[in-house]
Visitor: 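Structure provided below as structure tokens; questions to follow.
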Amino acid sequence: MTEEYQLLDKRVQKWLFNQGWPDLREIQKRAIIPILACDRDVLISASTAAGKTEAFFLPACSAIAEEKDGFGILYISPLKALINDQYRRLESLSEMLDMQVTPWHGDSLQSKKKKARNNPSGILLITPESLESLLVREPGWIKQSFTSLKYIVIDEFHAFIGTERGQQLLSLLTRLEHLIGRISNPIPRVALSATLGKLEKVPLSLRPNKSLPCETITSSQHQSTIKVQVKGYLEPIDITTDETRISAEQQICHEIFRLCRGGSHLVFANSRGRTESIAAKLSDLCEQQVVPNEFFPHHGSLAKELREDLEARLQKEALPTTAICTMTLELGIDIGKVSSVIQVTAPHSVSSLRQRLGRSGRRNSPSILRMFIAENGLSEKSNIVDGLRLELVQSLAMIRLLIIDNWFEPADTKQMHFSTFLHQILAVIAQWGSSRVDQLYSLLCEQGSFKEISIQHFKQLLSHMGTVQLIQQLNSGELVLGIEGERLTNSYTFYAVFKTPEEFRIVAGSKTLGTLPVDSLILKDQHIIFGGRRWKVTDIDDEKKVIYVTSTKGGKPPKFNGSGMSIHDRVRQEMLRIYCSGDYRIEVGNQKIDFVDKIGSQLFQEGAYFFKEANLENQPIYQSGKHCYIFSWMGDKVVNTITILLIKSGHVCSNFAGVIEVQNASVDALKDYFMGIIIDGVPDETELAEILSLQQKMIEKYDEYLPEGLLNAGYGRKAFDSKATKEWISGLLT
DNA sequence: GACCTGCTGCGGTCTG
């Protein structure tokens, strides 16, 4: 055994011996000295099942083994399920050390909480929301029980970076350090994470005020080999008139059945609806063939028991099991590794594709990714999005970026997070009973995580919070909660900073077609696709949460709609590169590897031909009948910016998969219009946000309490990109 | 046509 090993507590060494492990893993050895030093933050970045948890807990438990008074380790997890997993995993080690471990979240046992409350010691496993509730409701107890706290460890740290919840978490940690008097002598933070992109940027996300140095430990182990295959499917033009043809989804299900039966696999289907439909078809196939069903759905709307049964079945590996799932099985939960991963329909981002791929690759066997993409059969009425085979090409672009460039979307760390900022102001005042303005600014912005917020923003927000009775200022200058602030902070729903999205009902005439989440950009007169048909929005009732539509013509809608604000510039640029070269293959040595099946290749050739015929390489605006289509080959921020500029000037537009359709327009008229924009200047993001109605911009939980100026600034930064749009328009006109 | 995560305290009913 190595000399680092000797530094561990004797009982930890004994526990290791009992485990029968031949040796510590590389990252586990390398973590021992930095963790024991207790004078720096540590980032441990390694793939799933590389032993990150032990890399932290072996030395950390050694360091707190003699401490019996107060919690020594604060472990924070984004999921309750992960807390339960870790509790089980720590059981034997903590027994050996006679150390208390307390799982603390909304569903954990009151008896365990009570015990820890009376005798705080050892390890506390908690969610950010439960920590928030303790800080607000029992700051005195926290202060007492954390006096000898030695480590704060955050699991699945990548899931927090750049999010509202991550912003809250960092703020909580600063507030905790402040409460227990450790601002000038900070508690080391340890982040456990799946492999991250730009590692040098992560320490700033772990401790924005840089008051401790950070050491990074990554596994130098080679990534296992990756096998990729893309299969194309053709959706028959009209199934109803020709019953001999089977739908693309049916064909895909037959293939999944053939490939997965008898093994252990994950099928990612991107939406709950499709997840259910595929799982149902597969279990039908099992029944038809009189074999036991081994295909089960897994997603967020499914009952907890069903999900847990499936997770346990996957983990046991006793029976062959394939889960059809959404991102619920993308990270976190311990299900071990599967033989292969199948992605049905294009992934939403390269980073999620990467995470999913990481789920496969058992014991030195390669990671296997299969991607099944269906495209529509074409007719004269077909949409240009279908003709170009955009979904297929987006998928190919994402695979190339992942495999050739090892690139994926970086987390967006430049958001304002005004909603969470407002939440933290209320939480701090609720925690202390009152607060001075300068204390708030120092704690949340200077020491804490709200680095994008200026003093002007802060003053504007406080003044508005006074107006809407969230807070009030006493004669002494102290801030206390107002009536509305009391109401919010007294409800148990206060502690989470993220919003459970509200859904709008889609109503045509007197008939409800279904519901649509409110976070998409929907305007009156806009055309939307719902239930596979094209609709025109006639009215939006923000109060009743109803969108009124009428059926509209305009050709067959494209099958692939694309989504929101998520596609990155680099993905669309790679798509353009593929179209221009007419080649998607991946070069290995001096060979070009074709990873697409015959039908997929044919579909790609059709798309590439269409691209050439339409002269899209040289002409990004394409006229078809009375309408124009704009191909920016830029990410959704730029597409949104161009769209809102056109809408502002009275054009009727909609965008599908990054292609903007402008009704009743000509190429020359559009170019003239863009010329005018360059002369007048592109408005900044905040000004663009002013064009939208208030309701459309209220995305985050506490957005409704923000002054309009801040709402516009926050939304604008999220949705638009004026600089890149100006560059794109300039390029178009030269 | 995205998707996902989390929170209290108390009163009721059931079980051993």
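Chain identifiers are assigned alphabetically (A, B, ...) following the order of the sequence lines, protein sequences preceding nucleic acid strands; residue numbering begins at 1 within each chain.
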Visitor: Measure the distance from CG on A:L131 to C1' on B:dT5 and round it to the nearest whole Å.
Guide: 16 Å
Visitor: In whole Å, what is the span from the CG atom of A:D636 to the C1' atom of B:dG1?
Guide: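 A:D636 atom CG is separated from B:dG1 atom C1' by 13 Å.
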Visitor: Sequence neighbours excluded, which residues qualify as side-chain hydrogen bond (donor to acceptor under 3.5 Å, both in side chains) partners of A:T174?
Guide: none
Visitor: According to side-chain hydrogen bond (donor to acceptor under 3.5 Å, both in side chains), who are the partners of A:K337, at least two apart in sequence or on a separate chain?
Guide: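 A:K337 satisfies side-chain hydrogen bond (donor to acceptor under 3.5 Å, both in side chains) with no other residue.
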Visitor: Take A:E700 and A:K499 through the salt bridge (Lys or Arg N to Asp or Glu O under 4.0 Å) test and state the conclusion after the steps.
Guide: CA-CA 6 Å; A:E700 301 300 341; A:K499 184 173 174 173; over 6 Å; no
Visitor: Where the side chain of A:H299 is concerned, which of B:dA2, B:dC4, B:dT5 is the nearest nucleotide?
Guide: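 Looking only at heavy atoms from C-beta outward on A:H299, the closest nucleotide is B:dC4.
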Visitor: Under the side-chain hydrogen bond (donor to acceptor under 3.5 Å, both in side chains) rule, collect the residues that match up with A:E311, sequence neighbours excluded.
Guide: A:H298
Visitor: Measure the distance from CD1 on A:I154 to C1' on B:dT5 and round it to the nearest whole Å.
Guide: 16 Å
Visitor: Between A:F408 and A:H568, is the ring centroid distance below 6.0 Å?
Guide: no
Visitor: With sequence neighbours left out, write down each residue that passes side chain to side chain contact (heavy atoms under 4.5 Å, CB included) with A:D107, or none if nothing qualifies.
Guide: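 Scan of A:D107 (side chain to side chain contact (heavy atoms under 4.5 Å, CB included), adjacent residues dropped) gives A:K80, A:H105, A:K304.
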Visitor: At under 4.0 Å between heavy atoms, which parts of nucleotides 7-16 of chain B does protein reach? Answer with one letter per nucleotide, 5' to 3': B base, S sugar-phosphate only, - none.
Guide: BBS-------
Visitor: Map every base of DNA chain B to its dot-bracket character, where paired means a Watson-Crick or G-U wobble contact with both distances under 3.5 Å and | marks a partner outside the strand.
Guide: ................
Visitor: Residues two or more places apart in sequence or in another chain: which of them pass side chain to side chain contact (heavy atoms under 4.5 Å, CB included) with A:S271?
Guide: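 Testing A:S271 for side chain to side chain contact (heavy atoms under 4.5 Å, CB included), a comparison that skips the adjacent residues, returns A:R274.
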Visitor: Sequence neighbours excluded, which residues qualify as side chain to side chain contact (heavy atoms under 4.5 Å, CB included) partners of A:T163?
Guide: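 Listed in chain order: A:R165.
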Visitor: Figure out the CD/C1' separation between A:E700 and B:dT5, and round it to whole Å.
Guide: 13 Å
Visitor: Between C1' on B:dG6 and CG on A:L134, what's the gap in Å once rounded to a whole number?
Guide: 14 Å
Visitor: Suppose we screen for ring-ring contact (aromatic ring centres under 6.0 Å, His included). Which residues come up paired with A:F146, at least two apart in sequence or across chains?
Guide: A:F71
Visitor: When we call it a touch if two heavy atoms are under 4.0 Å apart, what does A:R356 touch: a base, just sugar-phosphate, or nothing?
Guide: nothing
Visitor: Closest nucleotide of DNA chain B for A:F498 versus for A:R274: which of these residues is on the 5' side?
Guide: A:R274
Visitor: Quick one: list whatever passes side-chain hydrogen bond (donor to acceptor under 3.5 Å, both in side chains) with A:D721, sequence neighbours left out.
Guide: none
Visitor: When you measure from every atom of DNA chain B, which of residues 169-176 of chain A have a heavy atom less than 4.0 Å away?
Guide: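 Contacts with DNA chain B under 4.0 Å: none.
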Visitor: Can you tell me how far P of B:dA2 sits from CD of A:Q394, to the nearest Å?
Guide: 14 Å
Visitor: Please report the distance, rounded to the nearest Å, between NE2 in A:H348 and C1' in B:dC3.
Guide: 7 Å
Visitor: Could you pull out all residues at least two apart from A:D569 that satisfy side chain to side chain contact (heavy atoms under 4.5 Å, CB included)?
Guide: A:M634, A:V638
